[in-house]
Amino acid sequence: QVQLVESGGGLVQAGGSLRLSCTASGRTFSSYAMGWFRQAPGKERDFVVAISWSGGSTYYADSVKGRFTIARDNAKNTVYLQMNSLKPEDTAVYYCARASSRGVRTRPHDYDYWGQGTQVTVSS
């Protein structure tokens, strides 16, 4: 069983930055792609960004391209999401997830393990 634990959420003013972390249990972290999704109240869970097993490939949603950066440290079983130039519309619960493949994926059903989520609130 894989457990994912996110941290780093909080309240920030528009234009500010936050860094989310997600640490996985188990020995298989480096074999799978990882992704971040977000869900605002009353909305569906949306794809944000994904990174391949090696970190060599990434894919960003258009809404965050140029502002967010994903990275992973396989030695620490951790994936990071650096969020800069935050906007009020970035407010959501952010979830990290482990894909069922090595390559990047964008659809929730391509991910088999999920964290509990961390709240990010951006004030205007």
Side-chain angles (χ1 to χ4, degrees):
Q1 188 74 5
V2 174
Q3 291 187 325
L4 303 175
V5 179
E6 302 103 333
S7 62
L11 173 64
V12 65
Q13 288 188 333
S17 298
L18 283 174
R19 189 176 83 152
L20 306 183
S21 299
C22 172
T23 300
S25 64
R27 301 181 180 180
T28 61
F29 177 82
S30 62
S31 298
Y32 296 92
M34 296 292 294
W36 288 94
F37 291 75
R38 65 186 182 186
Q39 188 168 18
K43 296 189 176 181
E44 294 184 349
R45 190 168 297 190
D46 291 332
F47 170 78
V48 177
V49 60
I51 187 167
S52 65
W53 67 281
S54 65
S57 295
T58 58
Y59 188 82
Y60 293 85
D62 287 343
S63 58
V64 306
K65 203 172 294 183
R67 300 187 299 121
F68 290 12
T69 303
I70 191 171
R72 67 187 297 162
D73 184 339
N74 285 343
K76 295 182 178 180
N77 277 17
T78 301
V79 61
Y80 304 97
L81 182 61
Q82 178 66 43
M83 304 185 295
N84 299 329
S85 302
L86 283 161
K87 305 174 181 179
E89 51 264 44
D90 294 319
T91 296
V93 177
Y94 283 71
Y95 298 90
C96 76
R98 196 196 80 170
S100 55
S101 65
R102 288 180 169 237
V104 296
R105 295 289 185 269
T106 63
R107 296 176 300 181
H109 76 254
D110 288 323
Y111 290 77
D112 50 11
Y113 292 99
W114 294 80
Q116 81 288 351
T118 186
Q119 177 71 46
V120 171
T121 303
V122 185
S123 63
S124 57

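In this chain, numbering begins with 1 at the start of the sequence shown.
The two residues Thr106 and Phe37 have their closest heavy-atom pair at O-CE2, 3.6 Å. The heavy-atom pair separating Pro88 from Ala14 by the smallest distance is CD-CB, 4.1 Å.
Listed by chain and number, the residues in a side-chain contact (heavy atoms from CB on, under 4.5 Å) with Gln39 are Arg45, Tyr95 (sequence neighbours excluded). Judged as a side-chain contact (heavy atoms from CB on, under 4.5 Å), and not counting sequence neighbours, the contacts of Ser7 are Ser21. For Ala50, the side-chain contact (heavy atoms from CB on, under 4.5 Å) criterion is met by Phe47, Val104, Tyr111, not counting sequence neighbours. Applying the side-chain hydrogen bond (donor to acceptor under 3.5 Å, both in side chains) rule to Gln116 yields the partners Glu6; only residues at least two apart in sequence or on another chain are considered. Lys65 is linked by a salt bridge (charged side-chain N to carboxylate O under 4.0 Å, His left out) to Asp62, counting only residues two or more places apart in sequence or in another chain. Partners of Thr121 according to the side-chain hydrogen bond (donor to acceptor under 3.5 Å, both in side chains) rule, which considers only residues two or more places apart in sequence or in another chain, are Gln119.
Among Val120, Val12, Val48, Val64, the one residue that satisfies the side-chain contact (heavy atoms from CB on, under 4.5 Å) test with Met83 is Val120.
Rounded to the nearest 0.5 angstrom, His109 NE2 and Ser100 OG are separated by 8.5 Å. Distance OH/Tyr94 to CG/Asp46: 10.0 Å, rounded to 0.5 Å.
In this structure a side-chain-to-backbone donor-acceptor pair under 3.5 Å is present from Thr91 to Val122.
By the criterion of side-chain heavy atoms lying less than 4.5 angstrom apart, applied directly or through intervening Ile, Leu, Val, Met, Phe, Trp or Tyr residues, Trp114 is not grouped with Leu20; the two fall into different hydrophobic clusters. A continuous path of hydrophobic side-chain contacts links Met34 to Val2 [ILVMFWY only; heavy atoms under 4.5 Å].
Apart from Val5 itself, the hydrophobic cluster it occupies contains nothing, where clustering links Ile, Leu, Val, Met, Phe, Trp and Tyr at side-chain heavy-atom distances under 4.5 Å.
Pairs engaging residues 15-117 under the disulfide (SG to SG under 2.5 Å) rule: Cys22-Cys96 [sequence neighbours left out]. Listed by first then second residue, pairs satisfying salt bridge (Lys or Arg N to Asp or Glu O under 4.0 Å) with a partner in residues 107-124 read Arg98-Asp112, Arg107-Asp110, not counting sequence neighbours. Annotation: salt bridge (Lys or Arg N to Asp or Glu O under 4.0 Å) contacts involving residues 20-35, sequence neighbours excluded, are absent. Judged as a salt bridge (Lys or Arg N to Asp or Glu O under 4.0 Å), the pairs with a partner in residues 82-96 (not counting sequence neighbours) are, in order, Arg38-Asp90, Arg67-Asp90.
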(message) Using the rule given for ring pair (Phe, Tyr, Trp, His ring centres under 6.0 Å), can you reason through Phe68 versus Trp36, listing the C-alpha separation, both sets of side-chain angles and the distance that settles it, and then say yes or no?
(response) CA-CA 11 Å; Phe68 290 12; Trp36 288 94; 9.9 Å; no

Hey, can you pull the donor-acceptor pairs under 3.5 Å for the side chains in residues 70-82, sequence neighbours left out?
from: Arg72; atom 1: NE; to: Trp53; atom 2: O; distance (Å): 3.4
from: Arg72; atom 1: NE; to: Asn74; atom 2: OD1; distance (Å): 2.8
from: Arg72; atom 1: NH1; to: Tyr32; atom 2: O; distance (Å): 2.8
from: Arg72; atom 1: NH1; to: Ser52; atom 2: O; distance (Å): 2.8
from: Arg72; atom 1: NH2; to: Phe29; atom 2: O; distance (Å): 2.8
from: Arg72; atom 1: NH2; to: Tyr32; atom 2: O; distance (Å): 3.1
from: Arg72; atom 1: NH2; to: Asn74; atom 2: OD1; distance (Å): 3.2
from: Asp73; atom 1: OD1; to: Ala75; atom 2: N; distance (Å): 3.1
from: Asp73; atom 1: OD1; to: Lys76; atom 2: N; distance (Å): 3.4
from: Asn74; atom 1: ND2; to: Trp53; atom 2: O; distance (Å): 3.1
from: Asn77; atom 1: ND2; to: Ala24; atom 2: O; distance (Å): 3.2
from: Asn77; atom 1: ND2; to: Gly26; atom 2: O; distance (Å): 2.8
from: Thr78; atom 1: OG1; to: Thr23; atom 2: OG1; distance (Å): 3.1
from: Thr78; atom 1: OG1; to: Lys76; atom 2: O; distance (Å): 2.8
from: Gln82; atom 1: NE2; to: Asn84; atom 2: OD1; distance (Å): 2.9

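Within 6.0 Å of OH on Tyr59 lie no more than 12 heavy atoms contributed by other residues, nucleotides or ligands.
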